[in-house]
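Note sheet for the following structure.
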2 protein chains.
Amino acid sequence: MYKEILKHVTSKIELTEDEQLEFIGILSEQRIAKRQFLIEPGQTVDCEYYVVKGCLKAYYLDEGGNKHIIQFAVEDWWISDFEAFFGNLPAQLYVEAIEDSVLLGINRDTLETLYKRISKFERFFRIKTTNAFVALRGRILSSLQKSNKERYLEFCQTYPEIEKRVPNYHIANYLGIKPESLSRLRKEMF
Amino acid sequence: MYKEILKHVTSKIELTEDEQLEFIGILSEQRIAKRQFLIEPGQTVDCEYYVVKGCLKAYYLDEGGNKHIIQFAVEDWWISDFEAFFGNLPAQLYVEAIEDSVLLGINRDTLETLYKRISKFERFFRIKTTNAFVALRGRILSSLQKSNKERYLEFCQTYPEIEKRVPNYHIANYLGIKPESLSRLRKEMF
DNA sequence: AGCCACAACTAACATATATCAAGTAATTCC
DNA sequence: GGAATTACTTGATATATGTTAGTTGTGGCT
């Protein structure tokens, strides 16, 4: 259960046996069935979640009630309403399981106290956020400067796992295009 | 000269007089004239820069030689080729002054040693990156889910300073649309 | 003043995506 | 296994943005 996340963390910082145990100690396992919500708008978001197993999506509904998918997550990814989590604000997003999933939650306050005891963890989460920042930056560039066909191709190459496991209309939504348009792009491509 | 950046840092973490002096000690002032480059592709990027005064843009040239603006920066912002800076990779971006500018550079290695002496700074930069991450996330949402007209309006509201100081064709480029299209949108808006 | 370079605007046409409507294929559920 | 639901595809038309080309406006320079 904890093997994956320990590998994930120790790829960035070295941890003694004791530190590993201490880290595991602050994780809370959470299981969630397909179509169930991990987070709903208005809730307080105390945790960010590491995905051990499964597949989830984060989205919000706009004024017109249209769904907008912001993020998918599968094994070895993190998910939450990060804006709410970091800012200690009420959630604006739904986080919903696309498949039955197993998660490890980290509580913000518990994490803060861990930072104070072992500052290496502050380092880990700084590095993790920095990497996420760089990845997001790449997504912006691609969203602004590439055609939808290129972006879909890029999506398939970057997230082959997700492309296989998630229905096309979800992917279209994530890319910000209509399912009909995605269908046409796919037709032109193969 | 250091007043602004100290205010900027101490808004997130508390610093003693000594710590403030130590922080100032690692900053290197850099002045750069309009149309000069702070960073050019291929260079190693050892610093990220706090803008004390002036206005800059970060962009790259694609395979076809087309310019793509990624970021503007004015007073109290940070700029660099962050991907190169964080990853210790050769620069891919140009960072060019749009106006005569005054910057404070922080060297990555010097910063790392500062982290080890005073871990509060690791905290500051984690928070700063986290905030940047959340802001970028907002930009993605707006780039994917809003019309160009809405995005231009949002840009004007979010960065009124930049809208005033930067020519329209730069803003069009940043928004990922053609100057002609921006001109049409402006005509429809007013 | 007059010229030049550059930025912004306008118009006509081309292309891409959205929208609306229908039909087909695949899943889910009893 | 069959009905109902959900996902995907296709076609006709509307809308938005890109493309190309030409015009206007502005500021700097001699």
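We name chains A, B, ... by the order of the sequence lines, and we start the count at 1 in each one. Keep in mind the model is a prediction, meaning the values are calculated, not measured. The figures here come from the full heavy-atom set of this structure, side chains too, leaving out hydrogens, waters and symmetry mates.
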Just checking, is any N or O donor in the side chain of B:Gln157 or B:Tyr152 under 3.5 Å from an acceptor N or O on the other one?
no
Could you write out each protein N or O paired with an N or O of nucleotides 23-30 of chain C at a distance under 3.5 Å?
none

Looking at B:Lys53 and B:Glu4, does any basic side-chain N land under 4.0 Å from a carboxylate oxygen?
no
Can you run down the salt bridge (charged side-chain N to carboxylate O under 4.0 Å, His left out) pairs that involve residues 7-16 of chain A, sequence neighbours left out, and say none if there aren't any?
none
Establish, with yes or no, whether the OP1 or OP2 oxygen of C:dA8 is under 4.0 angstrom from a side-chain nitrogen or oxygen of B:Asn168.
yes
A:Glu75/A:Lys3 salt bridge by N-O under 4.0 Å criterion:
no
Return the value, rounded to whole Å, for the distance between atom OH of A:Tyr169 and atom P of D:dA7.
3 Å
Without placing hydrogens or testing angles, list every side-chain donor-acceptor pair under 3.5 Å for residues 170-179 of chain A, not counting sequence neighbours.
{"unit_1": "A:His170", "atom_1": "NE2", "unit_2": "A:Lys57", "atom_2": "NZ", "d": "2.8"}
{"unit_1": "A:Asn173", "atom_1": "OD1", "unit_2": "A:Ile69", "atom_2": "N", "d": "2.7"}
{"unit_1": "A:Asn173", "atom_1": "ND2", "unit_2": "A:Lys67", "atom_2": "O", "d": "2.9"}
{"unit_1": "A:Tyr174", "atom_1": "OH", "unit_2": "A:Arg139", "atom_2": "NE", "d": "3.3"}
{"unit_1": "A:Tyr174", "atom_1": "OH", "unit_2": "A:Arg139", "atom_2": "NH1", "d": "3.4"}

Under 3.5 Å, is there a donor-acceptor pair linking the side chains of B:Thr129 and A:Thr129?
no
Shorter than 3.5 Å, N or O on both sides, protein versus nucleotides 16-23 of chain D: list them out with atom names.
{"unit_1": "D:dT17", "atom_1": "OP1", "unit_2": "B:Asn148", "atom_2": "ND2", "d": "3.1"}
{"unit_1": "D:dG18", "atom_1": "OP2", "unit_2": "B:Lys178", "atom_2": "N", "d": "3.3"}
{"unit_1": "D:dG18", "atom_1": "OP2", "unit_2": "B:Ser181", "atom_2": "OG", "d": "2.4"}
{"unit_1": "D:dG18", "atom_1": "N7", "unit_2": "B:Arg184", "atom_2": "NH2", "d": "2.9"}
{"unit_1": "D:dG18", "atom_1": "O6", "unit_2": "B:Arg184", "atom_2": "NH1", "d": "3.2"}
{"unit_1": "D:dT20", "atom_1": "O4", "unit_2": "B:Glu180", "atom_2": "OE2", "d": "3.4"}

With a 4.0 Å cut-off, would you call B:Glu154 and B:Lys149 a salt bridge?
no
Spacing of A:Arg186 atom CZ relative to C:dT17 atom C1', expressed in whole Å
18 Å
Side-chain polar contacts of residues 87-105 of chain A - donor-acceptor pairs under 3.5 angstrom, sequence neighbours left out - could you list them?
{"unit_1": "A:Asn88", "atom_1": "OD1", "unit_2": "A:Arg108", "atom_2": "NH2", "d": "2.8"}
{"unit_1": "A:Glu96", "atom_1": "OE1", "unit_2": "A:Tyr59", "atom_2": "OH", "d": "2.8"}
{"unit_1": "A:Glu99", "atom_1": "OE1", "unit_2": "A:Arg165", "atom_2": "NH2", "d": "2.8"}
{"unit_1": "A:Glu99", "atom_1": "OE2", "unit_2": "A:Arg165", "atom_2": "NE", "d": "2.9"}
{"unit_1": "A:Asp100", "atom_1": "OD1", "unit_2": "A:Lys34", "atom_2": "N", "d": "2.7"}
{"unit_1": "A:Ser101", "atom_1": "OG", "unit_2": "A:Cys55", "atom_2": "N", "d": "3.2"}
{"unit_1": "A:Ser101", "atom_1": "OG", "unit_2": "A:Glu99", "atom_2": "O", "d": "2.8"}

Where along residues 150-163 of chain A does a heavy atom come under 4.0 Å from DNA chain D, residue by residue in number order?
none
Side chain to side chain, B:Trp77 and B:Tyr50, heavy atoms closer than 4.5 Å
no
Whole-Å gap separating P (C:dA18) and NZ (B:Lys146)
18 Å
Under 3.5 Å, is there a donor-acceptor pair between the A:Glu29 and A:Tyr2 side chains?
no
